[in-house]
Amino acid sequence: MSFTLDKDSDNYATDKHGWEIIKDFIPNNKKIYAPFYCDGKQKEYFSEMGYDIIHEDTDFFTNTFDYDIIIDNPPFGKFKDICIKLKEDDKPFILIGFSKVLLMKWFQRLFKDHLQVIIPFNRPTFTHLTNPKKGYTPPFGVQYYCYKMNLEKDLVFLD
C-alpha cells in the first residue's frame, strides 16, 4: 500500500536531516500522519524528534486515521492525485515536492490560497528503497509545500 511496487523511481525516502531542517516549522502538539511508507524510517526519525506520528504501511487514499497534519515525501508519480485528495480533506500539510510543481496550473488552482513554501539552501538527501547508496541528491531542487500551516512568512528560505 506504500506504492513501492507501482513505480521504482517513486521509492525515495527522505533522510533524517531532511526532516530536522524543518523542525522549527512543525507544531509539537499535533498528531502527525506520514502516509507514504517507503522504508518506514520516518516514524523513527519523528519519534526521536519528539513528535506523535502515525506511519504505517496502509493505503493513503482509503485511510481513516485521526490526525491533525500530514508531513511526508509523497511518491512524485502520484503527486497530483495525492494533492487532489489533500485539498478535499482540507487538513494542514507539509509535503516535499520538486520545485517545478509550483508552476503547474493544476497545483496553482488547488492551492492558490493558504500555500506557503519552505526552500532549503542545501538540498535534502534521499535514499532509494532498493539501492543501498545513501545521500542521493536529485538534479532538481525540492521544496516543502505547506498548506494551512500558518507560518510567519509565505516564502521561507532556510540557511
Side-chain angles (χ1 to χ4, degrees), residues 1-15 18-38 42-43 45-46 51-126 129 136-158:
M1 291 294 111
S2 59
F3 311 116
T4 56
L5 299 178
D6 290 357
K7 187 175 179 184
D8 191 55
S9 62
D10 279 343
N11 294 327
Y12 284 91
T14 307
D15 295 335
W19 299 120
E20 290 172 331
I21 63 175
I22 63 163
K23 186 176 186 209
D24 292 342
F25 304 101
I26 302 172
N28 59 7
N29 61 344
K30 302 287 184 188
K31 174 73 118 184
I32 296 170
Y33 176 37
F36 310 109
Y37 196 74
C38 202
Q42 189 171 343
K43 183 170 188 163
Y45 299 156
F46 273 66
Y51 295 105
D52 184 13
I53 184 169
I54 302 165
H55 187 56
E56 299 177 14
D57 194 5
T58 59
D59 187 344
F60 164 72
F61 292 102
T62 61
N63 82 71
T64 57
F65 292 121
D66 182 28
Y67 64 92
D68 300 307
I69 180 175
I70 284 183
I71 302 176
D72 214 334
N73 174 8
F76 289 1
K78 297 192 179 304
F79 201 82
K80 182 176 180 178
D81 293 334
I82 289 164
C83 286
I84 290 169
K85 180 174 182 341
L86 287 172
K87 182 64 176 187
E88 290 169 359
D89 292 348
D90 201 35
K91 293 240 188 178
F93 67 74
I94 299 175
L95 291 184
I96 293 178
F98 49 93
S99 54
K100 72 178 182 177
V101 77
L102 193 57
L103 303 175
M104 296 179 174
K105 298 293 183 203
W106 64 264
F107 189 79
Q108 293 172 11
R109 286 185 188 106
L110 280 174
F111 301 114
K112 62 184 174 189
D113 299 316
H114 308 293
L115 182 70
Q116 298 176 305
V117 182
I118 301 171
I119 302 171
F121 182 74
N122 293 312
R123 294 179 187 170
T125 58
F126 305 90
L129 186 61
Y136 169 74
T137 303
F140 50 83
V142 295
Q143 299 167 355
Y144 298 85
Y145 293 101
C146 307
Y147 176 72
K148 292 193 172 182
M149 289 300 299
N150 300 318
L151 304 179
E152 289 183 25
K153 299 188 319 186
D154 290 338
L155 192 57
V156 177
F157 291 94
L158 298 180

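Below, each value reflects all heavy atoms present in this structure, side chains not excepted, and no hydrogens, waters or symmetry copies.
Contact detail for F107 and V101: the closest heavy-atom pair is CB-O, 3.4 Å. For the residue pair L151 and Q116, the shortest heavy atom distance occurs at N-OE1, 2.9 Å. A pairwise comparison of heavy atoms in M149 and F25 identifies CE-O, 3.6 Å as the closest pair. Of all non-hydrogen atoms in P124 and G18, the two that sit nearest each other are CB-CA, 4.0 Å. K91 approaches D68 most closely through the heavy-atom pair CD-O, 4.1 Å.
When each of F60, F61, F79, F93 is tested with F36 by the rule ring-ring contact (aromatic ring centres under 6.0 Å, His included), just one qualifies, namely F60.
With sequence neighbours left out, the side-chain hydrogen bond (donor to acceptor under 3.5 Å, both in side chains) criterion links D72 to no other residue.
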*Assess whether side chain to side chain contact (heavy atoms under 4.5 Å, CB included) is satisfied between K31 and I54, documenting all intermediate values.*
CA-CA 8 Å; K31 174 73 118 184; I54 302 165; 3.9 Å; yes
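Between the CG atom of N63 and the OG1 atom of T58 there is a distance of 6.0 Å, given to the nearest 0.5 Å. To the nearest 0.5 Å, atom CD1 of residue I119 and atom OH of residue Y144 are 12.0 Å apart.
Using a 4.0 Å cut-off between a side-chain N of Lys or Arg and a carboxylate O of Asp or Glu, D90 and K148 qualify as a salt bridge.
Taking the six-membered ring where the residue is Trp, Y33 and Y67 present tilted rings, their angle falling between 30° and 60°.
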Which atom pairs, one a donor and one an acceptor, fall under 3.5 Å between side chains of residues 82-89 and the rest of the protein, sequence neighbours left out?
{"residue": "K85", "atom": "NZ", "partner": "D89", "partner atom": "OD1", "Å": "3.4"}
{"residue": "K85", "atom": "NZ", "partner": "D89", "partner atom": "OD2", "Å": "2.7"}
{"residue": "K87", "atom": "NZ", "partner": "L110", "partner atom": "O", "Å": "3.0"}
{"residue": "K87", "atom": "NZ", "partner": "Y147", "partner atom": "OH", "Å": "3.4"}

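Counting heavy atoms of neighbouring residues, nucleotides and ligands inside a 6.0 Å radius, atom CG of D66 does not exceed 12 of them.
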